[in-house]
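Scroll down for the structure; my scribbles are underneath it.
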There are 2 protein chains.
Amino acid sequence: MKAPPRISEAEWKVMRVLWEEHPRTASQVAQALGPQAAWTDRTVKTLLARLVKKGVLSTESDGKRYLYEPAVSREACVAAEGRSFVARVFDGSASPLLLHFVKRSRLTRGEIEELRRILEEKEPRG
Amino acid sequence: MKAPPRISEAEWKVMRVLWEEHPRTASQVAQALGPQAAWTDRTVKTLLARLVKKGVLSTESDGKRYLYEPAVSREACVAAEGRSFVARVFDGSASPLLLHFVKRSRLTRGEIEELRRILEEKEPRG
DNA sequence: TAGTCTTGATTACAGCCGTAGTCAATGGCC
DNA sequence: GGCCATTGACTACGGCTGTAATCAAGACTA
């Protein structure tokens with residue numbers, strides 16, 4: 001698992017289905033994406049090829065076709081994308097981001113409880 | 001203040017200095033960006049022009065030059081970018097995002113307290 | 001065996017992005 | 001009044017993105 005390169009919006013959709021279950025063939029991916037992304041299978045193929053080229057997916061030959069599989073963990077990509085997002089929008093500081101999202105998200109009671117519990121256990125900085 | 005269009009990474013840097021203080025001329029913006037963004041003033045001009053074209057900045061003539069000023073609030077842009085980010089990475093659900101960032105950010109005692117307080121007051125969904 | 005379906009490879013193409021360069025007008029300095 | 005610095009307008013250009021189309025080769029089918 002190597003460091004994640006930049007993954008575009010459309011590519012994220014593809015990666016999400018592959019993180020969820022892998023390996024999958026191109027057409028299985030297209031099918032899994034299904035109605036949500038109104039793409040032809042041509043388009044899905046293109047995205048898969050780009051992701052392979054970027055090193056985010058790896059392939060294994062299965063007869064004449066490929067089985068696609070993540071080569072970078074979801075966690076690593078989420079973390080990288082998160083850092084970039086926080087840097088861009090919140091100038092690198094996570095706390096305003098948390099305030100922003102805590103304030104404006106609708107959370108279930110369970111989610112609120114869990115967040116509070118994690119915060120409670122959290123080691124303060126400095 | 002209209003709905004925010006897509007703002008690129010470099011454009012965010014420009015917008016941040018203008019949200020912080022406005023109006024500013026192009027060269028003031030370039031100066032405020034200063035060493036952080038190693039751009040020529042040509043580049044800053046281009047970015048300003050693009051932002052004006054997108055409607056994120058408005059201009060006012062001041063003699064032969066422009067004074068640039070945000071036409072969209074920072075809050076609106078942050079919210080839009082946040083929605084897009086959550087959709088892309090967390091499949092639209094804010095709670096995993098919060099868990100992710102709460103777990104991996106280093107927060108001061110005060111920040112932790114504030115988050116807990118906000119969570120406490122928060123109305124659960126459903 | 002000839003046609004058809006599937007699948008990867010290659011190519012397309014417009015629009016956005018990062019990063020400028022060039023040009024022309026304008027205002028200030030000498 | 002003429003030259004220089006500043007500034008906006010326009011142009012550039014390669015790379016990434018979204019969204020495919022075309023091509024070619026193997027696999028399946030009648």
Side-chain angles (χ1 to χ4, degrees), chain A residues 4-18 23-69 77 80-81 84-85 87-89, chain B residues 4-18 23-69 77 80-81 84-85 87-89:
Chain A
R6 198 57 83 107
I7 297 175
S8 82
E9 182 131 0
E11 290 165 354
W12 267 97
K13 292 190 187 161
V14 171
M15 288 309 292
R16 283 215 305 265
V17 323
L18 276 165
R24 276 170 147 154
T25 67
S27 46
Q28 282 168 346
V29 171
Q31 196 147 28
L33 283 163
Q36 318 167 43
W39 292 328
T40 68
D41 44 354
R42 308 278 120 219
T43 301
V44 175
K45 295 279 189 71
T46 301
L47 292 171
L48 287 169
R50 284 181 186 167
L51 286 164
V52 170
K53 189 172 173 193
K54 286 186 184 182
V56 188
L57 288 179
S58 64
T59 57
E60 185 189 342
S61 258
D62 171 42
K64 83 163 196 161
R65 55 198 180 160
Y66 285 152
L67 297 177
Y68 295 89
E69 187 159 23
C77 288
E81 189 77 21
S84 142
F85 173 71
R88 179 169 62 250
V89 176
Chain B
R6 198 56 82 108
I7 297 176
S8 81
E9 181 132 359
E11 289 165 356
W12 267 97
K13 292 190 188 162
V14 171
M15 289 308 293
R16 283 216 304 265
V17 324
L18 276 164
R24 278 170 148 155
T25 67
S27 45
Q28 283 168 344
V29 171
Q31 197 147 27
L33 283 163
Q36 318 167 45
W39 291 329
T40 67
D41 45 353
R42 308 277 119 219
T43 300
V44 175
K45 296 280 189 68
T46 301
L47 292 170
L48 287 168
R50 285 182 185 168
L51 286 163
V52 170
K53 188 172 174 195
K54 287 187 185 181
V56 188
L57 288 179
S58 65
T59 57
E60 185 188 345
S61 259
D62 170 42
K64 85 164 193 158
R65 57 199 178 157
Y66 285 151
L67 297 177
Y68 294 89
E69 188 159 23
C77 288
E81 190 77 19
S84 141
F85 172 72
R88 180 168 59 250
V89 176

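Residue numbering restarts at 1 for every chain, and letters A, B, ... go by the order of the sequence lines. Keep in mind that what you see is a predicted model, and the values were worked out from it rather than measured.
Below the 3.5 angstrom threshold, one finds a donor paired with an acceptor across the side chain of A:Thr46 and the base of D:dA20. For B:Arg50 against C:dG18, a side-chain N or O and a base N or O form a donor-acceptor pair under 3.5 Å.
In this structure, the NZ atom of A:Lys45 is 10 Å from the P atom of C:dT6, given to the nearest Å. Spacing between atom CH2 of A:Trp39 and atom C1' of D:dT17 amounts to 11 Å, rounded to whole angstrom units. Separating the NZ atom of B:Lys53 from the C1' atom of C:dC16 is a distance of 10 Å, rounded to the nearest angstrom. Summarising the geometry, the separation between CG on B:Leu47 and C1' on C:dC16 is reported as 12 Å, rounded to the nearest angstrom. Atom CZ in A:Arg65 sits roughly 11 Å away from atom C1' in D:dA27 (whole-Å rounding). For the pair B:Arg42 CZ and C:dG18 P, the computed distance is 19 Å after rounding to whole Å. Regarding B:Leu51, its CG atom lies at a distance of 16 Å from the C1' atom of D:dA9, rounded to whole Å. For A:Leu48 and C:dT6, the CG to C1' distance is 15 Å, given to the nearest whole Å.
Here B:Ser27 does not reach the OP1 or OP2 of D:dT6: none of its side-chain N or O atoms lies under 4.0 Å away. Taking 4.0 angstrom as the limit, B:Tyr66 places none of its side-chain polar atoms (N or O) nearer than this to OP1 or OP2 of D:dT6.
Around atom CD of A:Gln31, no more than 12 heavy atoms belonging to other residues, nucleotides or ligands sit under 6.0 Å away.
B:Trp12 is linked by a ring-ring contact (aromatic ring centres under 6.0 Å, His included) to B:Trp19, counting only residues two or more places apart in sequence or in another chain.
Using a 4.5 Å cut-off on side-chain heavy atoms (C-beta onward), B:Leu57 and B:Tyr66 make no contact.
Looking at heavy-atom distances under 4.0 Å, A:Ala38 makes contact with sugar-phosphate atoms alone, never a base. Nucleic acid contact class of A:Thr43 (heavy atoms, under 4.0 Å, all strands): base.
Of the two residues near DNA chain D, B:Leu67 and A:Arg6, the one whose nearest nucleotide lies more 5' is B:Leu67. Projected onto DNA chain D by closest heavy-atom contact, A:Glu11 and B:Tyr68 fall at different nucleotides, the more 5' of which corresponds to B:Tyr68.
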Show the distances under 3.5 angstrom between N or O atoms of the protein and N or O atoms of nucleotides 3-5 of chain D.
none

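For the residue pair B:Thr43/B:Thr40, the side-chain donor-acceptor check at 3.5 Å is satisfied.
Between A:Lys54 and A:Pro5, the closest heavy-atom pair is O-CG, 3.5 Å. Of all non-hydrogen atoms in A:Pro23 and A:Leu67, the two that sit nearest each other are CB-CB, 3.8 Å.
Salt bridge absent: B:Arg50 and B:Glu11 never bring a charged side-chain N and a carboxylate O closer than 4.0 Å.
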